[in-house]
Q: 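This is the structure I want to talk about, given as structure tokens.
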Amino acid sequence: MAETTLIDPFSEARLGPVVLRNRILKAATFEGMTGGNIVHPQLIEFHRRMAAGGVGMSTVAFIGVCPDGRGAPNELVVDDSNVADLGRLADAVHGEGAAVSAQIGHAGAVGAAAGMPGLSPSRVFSPLAMKRTQAMGAGDFDRIAQAFADTAERLAENGFDAVELHLGHGYLLSEFLSPRINRRQDEWGGSLEKRARYPREVVKRVRDRVGDRVALLAKLNMADGVPGGLWLDESVEFARMLEADGALDAIELTGGSSLQNPMYLFRGEAPIAEMAKAFPRYLRWGFRLAASRFLREYPFEETFFLPYARQFRSALSTPLVLLGGVTGRESIQRAMEEGFEFVAMGRALIREPNLINEMRDGRTRASLCIQCNKCMATIYKGTHCVISGQEGWGPEDLRRKASA
Ligand SMILES: Cc1cc2nc3c(=O)[nH]c(=O)nc-3n(C[C@H](O)[C@H](O)[C@H](O)COP(=O)(O)O)c2cc1C
């Protein structure tokens, strides 16, 4: 069982081979600052500012491990042309006293709406792309596992302290776990053991390649939020398998499916009008058609994933990251009291990047984030809070910079 004595969230903490200045992580929130497969200066500034705001570690959001692993056209794939700039990003974050992580993954079926084949364990219908996805072929298994290891290694060689593997949100590795999506009848589908085989193999391949050069985390779905999807009975069992494999330094607990039930992972308002406007023209029709069914709303509650996350805490000794509706000091303290080693925060830090410093210095006022989720619609043009804006990387700034 994990240590449950009272822990100061603002004290140093070890995450695998890395020491963080505190236990608060900036969760991956896709920044939309990598169009053209370029690390735009705004991306560096985004993470420098999160670091200056006090987090222990900032997470660069979704990096595809290969071109067909992108979930949106403006997502980064690490290559010779951008790896040095990622190194500069790492330097900027370190300069502010924080560590830096990168979330890597293969978007699987989610990529179908972005013009990718939308590889998935079995063919599924993508309501956004209005087409069926492509099932993984024999050659894809090794190619994609290799791409995970290559990407993690390049990040480790270029200043990153941690790598987060995406095993959630209906992306490829979480699709393997889903009994609803993975209908394969070969060695990669069927029983939980078989559905778990590919994600476990990828995690082990990455660890074998990076060794102790970086901390390795997995962002894991506890529940897909769809009937017939992955749920606690199997996700806890899968987490036990990961623990037995011994390749991870921490597991960050999430839920929901970008393809089938995205609001499950956010809670709060569904920003349908804003999303429709932000979507590329060719997707708007499909989006509007699918939105009311697909963007089902759930009321927001502080630490909304805690009741599920507790199931993992009681079953595992692996360090755990509590995510989902952590917005204030009390929630952070509560997470520590319940035995979580870390918390991760997304929207509250988009709203107020300096929140952690202020809480450390005694702020009691609640977060200003109202979970309107309109930041979700800004991910195509530079992720920011539509209430506060973010000087330097709002849409107008990006347009001005692009035309300069
Ligand atoms: C604008 C935005 C972009 C996001 N992008 C990603 C992403 O690229 N990868 C990911 O795993 N989660 C992503 N998320 C989900 C967050 O990491 C987090 O799971 C979710 O916002 C719940 O945490 P919170 O209540 O602290 O915001 C995104 C969230 C937002 C608001």
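One-based numbering along the sequence shown. Keep in mind the model is a prediction, meaning the values are calculated, not measured. First listed ligand is number 1; within each ligand, the first listed atom is number 1.
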Q: With heavy atoms under 4.0 Å as the rule, classify the contact between Gln371 and ligand 1 as side chain, backbone, both or neither.
A: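 It is neither part, as no heavy atom is under 4.0 Å.
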Q: Does Phe30, backbone or side chain, put an N or O under 3.5 Å from an N or O of ligand 1?
A: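 In this structure, Phe30 places an N or O atom under 3.5 Å from an N or O of ligand 1.
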Q: Could you tell me if any non-hydrogen atom of Ala348 lies under 4.0 Å from any atom of ligand 1?
A: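 In this structure, Ala348 fails to qualify as a contact of ligand 1 - no heavy atom is under 4.0 Å.
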Q: Where do Pro199 and Phe238 come nearest, in terms of heavy atoms and distance?
A: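 Reported closest heavy-atom pair: CB-CZ, 3.9 Å.
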Q: Any N or O of Ala61 that comes nearer than 3.5 Å to an N or O of ligand 1?
A: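 No, no N or O pair falls under 3.5 Å.
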Q: Salt bridge (Lys or Arg N to Asp or Glu O under 4.0 Å) with Arg132: which residues, sequence neighbours excluded?
A: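 Here no residue qualifies.
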Q: Could you work out, for atom 9 (N) of ligand 1, the closest of Gln103, Glu252, Glu31 by heavy-atom distance?
A: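 It is Gln103 that holds the nearest heavy atom.
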Q: Where on Lys219 is there a heavy atom closer than 4.0 Å to ligand 1, on the side chain, on the backbone, on both, or on neither?
A: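 The part of Lys219 near ligand 1 is the side chain, not the backbone.
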Q: Geometry only, no angles: is Glu164 polar-contacting ligand 1 at N/O separations under 3.5 Å?
A: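 Among all N and O atoms of Glu164, none is under 3.5 Å from an N or O of ligand 1.
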Q: Side chain, backbone, both or neither: which part of Leu323 comes within less than 4.0 Å of ligand 1 when only heavy atoms are counted?
A: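 Side chain only.
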Q: Under a 4.0 Å heavy-atom limit, does Leu265 contact ligand 1 with its side chain, its backbone, both, or neither?
A: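 Both parts.
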Q: Could you check which of Ala27, Ala28, Gly346 puts a non-hydrogen atom nearest to atom 28 (C) of ligand 1?
A: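 It is Ala28 that holds the nearest heavy atom.
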Q: Would you mind listing every side chain to side chain donor-acceptor pair (under 3.5 Å) that reaches into residues 14-24, with sequence neighbours excluded?
A: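 Matches after skipping sequence neighbours: none remain.
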Q: Run the salt-bridge test on Arg363 and Glu358 with the 4.0 Å N-O cut-off and return the result as yes or no.
A: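 Judged by the 4.0 Å cut-off on N to carboxylate O distance, Arg363 and Glu358 do form a salt bridge.
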